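Note that the coordinates shown come from a computational prediction; the quantities given were computed from them, not determined experimentally. Values below: all heavy atoms of this structure, side chains included; hydrogens, waters and symmetry mates excluded.
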Amino acid sequence: MKILKFGGTSVQSADSIRKSVDCILRYGGDNPVVVLSALAGTTNSLIEAINLSLNEISESVEIINQLEFKHLNVLKDLCPQSFNNTSIEIKNIFDDIKRKLSAIEFLGEITPFNFASVSSYGEILSTKIFLSYLNEIGIDSSLLNIQNYLITDSNFKEAKIDFNISLCKFKDNTAHFLKNGIKLTQGFIASDLKNRTTILGRGGSDYTSAVIGNLLKKSGLDIDEIQIWTDVSGILSADPRMIPAAKTIKSISAKEVRIMSYLGAKVLHPDTIKPALEADIRVSVRNTFIPDGDYTVIQNNFTDQFPKLNTIINLREVNELNFDIPGSSNSWEIANHINNIAFSAGCKPISINISEESITSYYFNSIDVFFDTKYADFISFQKVFLLAITGTLVNKKLFEVINALPENASIISINNNAIFIKSTFEFSIENIDLLHNRLIQNFD
């Protein structure tokens, strides 16, 4: 069985939904489970309406009216034959949203429960429209309400899944997932033990698909793959807005994806697919709009015996902190103190280099906190620019990287998965493009 998740851009319009259905039919195998996000922008609009409902209820209702118009237009385009029946369901949902917003205005308070209840409707709407379209074109399909299977705590806005209780639900209802045809369900939403709506936070639809895969596999089903369908062709070797020649990485380890995410690359957040990887289910990231194009496979047990440079990431301007070790002080003890100070102040570290005489560390954000400590007389800082090159066994590609560096650039740190390059001058697009061409684009 395959699990296919479609993000907001993949269901943003009637045409996108048609393309998504084509992807299911071509790549979903037999009887897939399909997890849907809300139509693009819907959840943001619902949250905006919630926030306006306290003091600007008319503006809040107008946002909902616009959303209703958008959803009905998509439905009408997709389902001219069955429009009347499904449109009644859609209108009833929007009437319910408006009643809940009026209740928020009356109470004068946005409770976490009310917030979750209203912001959950995007996925409910998208699955109803998607199901109606599948029925319209004669494709065997059914709708599974994920709230009957995924049980969370009662932290409504950032709910945590109770895996033990949810696994019991899945085991008791395995037959629902084995039914013939496409099984549609919602991402992002769940329910607590009292059957109250909860939401899983942003990225929740990716997380939902990973959790479903994990629990179905633990229930005895053979889960072949989880496909994340979006509007990019997998994970790319560079930011395509900066480097148009960026290419798709065909296979990558979960560890490298985590590093890339931490460094700010626009990739699938590794925590959202962690349940799938822990169950040894491979995850692929694919492009709904170029379904025959390249895609990336992420695997937890990925092993590559060959050194490979996969990506170049521009970290731009960061803070470099230099600490001169006083007297006979222990540099490792001081480094530990520095890390504790940084952690307490929310300074996001990138790299740290330690010697007997000095410590040099790099941070994304402000390091002013260090000047209010007992170490203030021993530190200095400057703004520098960093690039990161990530990959597998990258330390074995060190000399290639050194030979490709532009002037005024030097390597400050290296490990198995990343090389960090520093310059006191901003890296130009030409320099980054040159590094990409020399080190990544022509390397297979």
Side-chain angles (χ1 to χ4, degrees), residues 7-10 19 23 40 203 206 227-270 272-273 282-299 302 304 306-318 350 364 385-394 397-398 400-406 409 411 414 416-423 425-444:
T9 55
S10 298
K19 286 182 168 63
C23 293
D206 292 337
Q227 301 173 2
I228 306 293
W229 290 88
T230 180
D231 57 358
V232 293
S233 297
I235 298 173
L236 302 181
S237 59
D239 185 342
R241 295 168 299 181
M242 182 182 300
I243 308 297
K247 64 175 184 176
T248 299
I249 304 164
K250 293 183 179 179
S251 58
I252 193 169
S253 70
K255 182 178 180 180
E256 188 180 347
V257 173
R258 180 171 294 280
I259 291 170
M260 292 172 64
S261 175
Y262 182 81
L263 296 177
K266 301 299 182 184
V267 294
L268 185 70
H269 196 285
T272 63
I273 58 170
R282 78 172 198 160
V283 176
S284 61
V285 184
R286 302 167 181 249
N287 193 332
T288 307
F289 307 100
I290 314 176
D292 293 329
D294 291 333
Y295 59 91
T296 300
V297 173
I298 306 169
Q299 292 178 285
F302 174 87
D304 195 335
F306 302 98
K308 186 177 181 182
L309 305 176
N310 282 327
T311 68
I312 184 165
I313 303 169
N314 187 7
L315 280 63
R316 296 183 170 83
E317 190 175 62
V318 304
I350 303 167
F364 281 106
F385 299 88
L386 290 189
L387 290 178
I389 296 176
T390 71
T392 304
L393 302 175
V394 298
K397 305 291 290 183
L398 179 60
E400 287 185 35
V401 175
I402 291 173
N403 290 333
L405 290 182
I411 293 173
I414 184 169
N416 273 345
N417 288 102
I419 297 174
F420 293 94
I421 301 165
K422 169 185 121 175
S423 173
F425 298 95
E426 184 171 5
F427 290 95
S428 67
I429 298 295
E430 290 76 13
N431 279 337
I432 298 172
D433 190 38
L434 183 64
L435 283 172
H436 186 269
N437 287 338
R438 288 182 176 177
L439 300 174
I440 295 169
Q441 186 176 351
N442 295 323
F443 181 78
D444 191 359

Query raised in the report: Going through the checks in order, is the side-chain contact (heavy atoms from CB on, under 4.5 Å) test met by I411 and L405?
Result: CA-CA 9 Å; I411 293 173; L405 290 182; 4.1 Å; yes
Which pair of heavy atoms, one from [X] and one from [Y], lies closest together, and at what distance?
| X | Y | value |
| --- | --- | --- |
| S237 | H436 | OG-NE2, 2.7 Å |
| A238 | A246 | O-CB, 3.4 Å |
| H269 | S261 | CD2-OG, 3.5 Å |
| L236 | T311 | O-CG2, 3.7 Å |
| S423 | F427 | CB-CZ, 3.5 Å |

Gap between atom [atom2] of [Y] and atom [atom1] of [X] - 0.5 Å precision:
| X | Y | atom1 | atom2 | value |
| --- | --- | --- | --- | --- |
| E317 | F364 | CD | CZ | 13.0 Å |
| I298 | I273 | CD1 | CD1 | 4.0 Å |
| M260 | L268 | CE | CG | 11.0 Å |
| I235 | D294 | CD1 | CG | 13.0 Å |
| L439 | K397 | CG | NZ | 8.0 Å |
| I249 | T390 | CD1 | OG1 | 6.5 Å |

Would you indicate whether the side-chain heavy atoms of [Y] and [X] approach each other to under 4.5 Å?
| X | Y | answer |
| --- | --- | --- |
| V285 | V267 | no |
| W229 | T9 | no |
| D231 | F289 | yes |
| K266 | D239 | no |
| F385 | N314 | no |

**Report entry** Donor-acceptor contact present, side-chain E256 to main-chain G391, <3.5 Å
**Finding:**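 It does hold such a pair.
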Report task. Check V394, L435, I419 against V401 for a side chain to side chain contact (heavy atoms under 4.5 Å, CB included) and give me the one that passes. Result ->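 Answer to the side chain to side chain contact (heavy atoms under 4.5 Å, CB included) test with V401 among V394, L435, I419: I419.
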Requested in this report: Please say which of V283, I228, T248, V232 ends up in a side chain to side chain contact (heavy atoms under 4.5 Å, CB included) with T296.
Outcome: T248
Query raised in the report: K247 and I440: side-chain contact (heavy atoms from CB on, under 4.5 Å), yes or no, with the steps?
Result: CA-CA 9 Å; K247 64 175 184 176; I440 295 169; 4.1 Å; yes
